[in-house]
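See structure below.
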Amino acid sequence: MVNIFGSANDKKFSWEKLGNIKEGRPDLGDHLPVEVYRQLEFSLIEVLTKRYGAETSNAIFKEAGAIAGIEFTKKHLNTNASFKDFMTDLYKILYKLRIGILNVEHVEADFSEIIITLADDLDCSGLPPNNEMICDYDEGFLEGILLQYTGDKYEVTEINCWANGDRICRFRCRKI
Ligand SMILES: [Zn+2]
């Protein structure tokens with residue numbers, strides 16, 4: 001029997017998998033409302049939480065975010081740049097793609113800890129407050145970006161979130 005879903009290897013994410021959007025969507029183009037992105041995200045969260053529980057669902061989102069962060073860095077960023085230039089370029093591309101508005105609030109001299117904020121966050125800005133930090137995907141995304149840039153593993157934890165009543169998402173990135 002043919003496995004129509006293919007192997008995990010066939011499903012490995014890469015930028016090329018996203019296809020030629022200009023060619024494929026000549027009329028509608030490559031922009032779409034944030035609510036469409038959130039529609040996919042929140043329906044997926046419901047299914048994953050129902051099947052596997054909240055903890056595993058969050059971990060899946062974080063793991064997926066890390067894969068995206070690695071591929072995003074390969075596609076859009078120069079990993080030979082200085083930290084300052086790298087973060088400036090990251091700010092620019094996150095703004096251009098409407099993912100969020102990045103600010104690097106604090107960097108330890110040895111890069112052991114970095115505090116990053118995202119305003120206008122794609123995943124959570126504007127959500128009704130529900131006493132939750134919900135940006136697991138962003139945590140993973142930043143881990144993937146930092147891993148690809150530094151070669152070091154960081155543990156990224158969201159410490160402020162719109163969904164927890166703040167007006168900005170703040171992430172503590174600790175080298176492990
Ligand atoms: Zn958040």
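Computed over heavy atoms, backbone and side chain alike; hydrogens, waters and symmetry mates excluded. Just follow the structure's listing: the first ligand is 1, and inside any ligand the first atom is 1. These figures come from a predicted structure and were not determined experimentally.
One finds an angle of 120° at the Zn ion (ligand 1) between SG on Cys169 and SG on Cys161, to the nearest 10 degrees. To the nearest 10 degrees, the angle centred on the Zn ion (ligand 1) between SG in Cys124 and SG in Cys135 reads 90°.
Side chain of Asp110 to backbone of Ser112: a donor-acceptor contact under 3.5 angstrom is found. Remark: the backbone N or O of Lys12 is paired with a side-chain donor or acceptor of Lys17 at under 3.5 angstrom.
Counting only residues at least two apart or in different chains, ring-ring contact (aromatic ring centres under 6.0 Å, His included) contacts with residues 150-176 are absent.
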All N/O donor-acceptor pairs, side-chain side in residues 76-83, below 3.5 Å, sequence neighbours left out:
from, atom 1, to, atom 2, distance (Å)
Asn78, OD1, Asn80, N, 2.9
Ser82, OG, Asp85, N, 3.2
Ser82, OG, Asp85, OD2, 3.4

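In Glu158, the N, O or S atom that comes nearest to the Zn ion (ligand 1) is OE2.
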